[in-house]
Amino acid sequence: MSQREWIEKDFYKELGVSSSASQDEIKKAYRKLARDLHPDANPGDAKAEERFKTVSEAHAVLSDPAKRKEYDDTRKLFAGGGYPRGGFTPGAGGGFSQDFNIGDIFGGANAGDGGLGDLLGGLFNRGGTRTASRPRRGADVETETTLGFREAAQGVTVPLRMTSPSPCTTCHGSGAKPGTSPRVCPNCNGTGIISRNQGAFGFSEPCDDCRGTGSIIDDPCVDCHGSGIQNRTRTITVRIPPGVSDGQRIRLAGQGEAGLRGAPSGDLFVSVHVSQDKVFGRNGDDLTLVLPVSYSELVLGTTVSVPTLEGRVGVKVPPGTADGRILRVRGRGVPKRGGGAGDLLVTVKVAVPQKLDDNAADALRRYAEAEKASGFDPRAGWAGA
Ligand SMILES: [Zn+2]
Ligand SMILES: [Zn+2]
């Protein structure tokens, strides 16, 4: 914190005390304000949170006699309002922690004072954590599913089994055996945080006794072993849109964990694996297919009935089609997100018979001679090679 900030901020005014207030008066004023303004007592109130920070900052300086003197001296020096030329340098004794010292609010000999129990009760009434009772958006959930090739291409409704943590039904999330309840951790007075001061620095760390939860369970619930959480399996039915591809992650808004206290649900993310198909392949929105044909079909031309995702389609192979050529059937591919569909790409591939009967073999020999006589040379392009 710079001296400029010190000059601009009236810490006494923030705490509502006079500049001659005793250390005790400062401490009392701070405790009262900190309780009223504590974020847990004012969920979602940004103004209160800002005030809480300011008040904590003021207390951090004024509660330390050495820092308070430095603060007083700095302000006295520039009380006339004129800032020194050349700007300000950070205070020589600077570097203290701006961490709010929560231990100072609840700790010390006055921990049992009236009102504190009520405050703690309000903070730790659910699950032993300070955030449990606030509205909170449900968690996002990740799961995966394997779809058949055609299911993925056309869209499908699938049941998804999901296991996720939810409050234990036996202890209603408290973690304590029914009939008993968690008690406030005496080590940290329920804050879950232990604060210690080392020189000018204030350190806060999670309390060891309660592992930062602020409460201690003497008699744990047998069903959740004191965690307050159980894994619950639920099955939901989700509609996977057409056209998903292998490895794709789909977001289903609002299908995740339920929100707490009316907050919106989280999202469900489904990683999709798509199994291979015997007949079809995919290239984006295009469906691919290898069509086995005979040599004579390529030479003479033909029309072949080919399977698609829905029914069959007649594909015309023009006379003189080269082996490996791709024939495109428009609109018979994978449905697109925005409507319409990709194409069906049919690759023709000659199937060579491994065995011919005498009749066919004789005909083929006669054909070969006739082909040569007609002047067809498959390696004509190699002339001179
Ligand atoms: Zn503790
Ligand atoms: Zn339980």
Side-chain angles (χ1 to χ4, degrees), residues 145-159 237-248 250 270 272-382:
T145 187
T146 299
L147 303 180
F149 182 91
R150 289 169 209 228
E151 290 175 330
Q154 293 181 292
V156 65
T157 300
V158 288
T237 306
V238 297
R239 172 81 193 152
I240 306 284
V244 293
S245 44
D246 188 43
Q248 201 173 326
I250 299 171
V270 185
V272 178
H273 308 287
V274 180
S275 50
Q276 303 258 336
D277 190 79
K278 274 186 218 157
V279 176
F280 298 115
R282 254 180 83 172
N283 188 2
D285 294 327
D286 291 336
L287 204 56
T288 61
L289 175 77
V290 173
L291 174 64
V293 289
S294 69
Y295 167 75
S296 55
E297 283 176 327
L298 286 184
V299 177
L300 301 174
T302 183
T303 297
V304 185
S305 170
V306 162
T308 69
L309 290 175
E310 283 175 67
R312 300 179 76 91
V313 66
V315 174
K316 193 166 179 265
V317 181
T321 295
D323 184 37
R325 183 172 160 190
I326 296 169
L327 305 167
R328 184 179 291 265
V329 185
R330 300 214 177 266
R332 298 303 293 263
V334 179
K336 286 183 187 173
R337 188 160 284 222
D343 300 334
L344 173 64
L345 303 180
V346 179
T347 304
V348 294
K349 187 169 188 289
V350 168
V352 176
Q354 300 301 299
K355 240 181 171 181
L356 285 180
D357 65 12
D358 292 347
N359 202 12
D362 282 347
L364 195 56
R365 275 184 214 104
R366 281 200 307 280
Y367 167 76
E369 280 162 26
E371 188 186 61
K372 203 178 275 175
S374 76
F376 176 70
D377 177 5
R379 291 169 287 277
W382 282 13

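With a 4.5 Å cut-off on side-chain heavy atoms, Val334 and Phe280 do not count as touching. Using a 4.5 Å heavy-atom threshold, the side chains of Leu147 and His273 count as separate. Using a 4.5 Å heavy-atom threshold, the side chains of Ile240 and Glu151 count as separate. In this structure, Val270 and Val272 have side chains that are in contact, with non-hydrogen atoms separated by less than 4.5 Å.
In this structure a side-chain-to-backbone donor-acceptor pair under 3.5 Å is present from Thr288 to Gly281.
Scanning both residues, Ala322 and Leu298, for their nearest heavy atoms gives C-CD1, 4.3 Å. Summarising the geometry of Arg312 relative to Ser305, their closest heavy-atom pair is NE-OG, 2.8 Å, with the distance given to 0.1 Å. Closest non-hydrogen pair, Asp362 versus Arg365, comes out as OD1-NH1, 3.0 Å. Between Ala153 and Leu309, the shortest heavy-atom distance links the atoms CB-CD1, 3.8 Å. In terms of heavy-atom proximity, Ala341 sits nearest to Gly331 at CB-O, 3.7 Å. Here the shortest heavy-atom pairing between Pro335 and Asp285 reads O-OD1, 4.5 Å.
Taking NZ of Lys372 as the reference point, atom CG of Asp377 lies at 10.0 Å (rounded to 0.5 Å). Distance check: Arg325 CZ to Leu291 CG gives 12.5 Å after rounding to the nearest 0.5 Å. With rounding to the nearest 0.5 angstrom, the CG atom of Leu345 is 4.5 Å from the CG atom of Asp286.
Residue Gln248 qualifies as enclosed at atom CD: its count of foreign heavy atoms under 6.0 Å is above 12. Heavy-atom neighbours of Arg239 CZ from other residues, nucleotides or ligands within 6.0 Å: above the threshold of 12.
Tested against Asp343, the residues Arg328, Arg282, Arg332, Lys336 include a single salt bridge (charged side-chain N to carboxylate O under 4.0 Å, His left out) partner, Arg328.
Pairs engaging residues 345-360 under the side-chain hydrogen bond (donor to acceptor under 3.5 Å, both in side chains) rule: none recorded [sequence neighbours left out].
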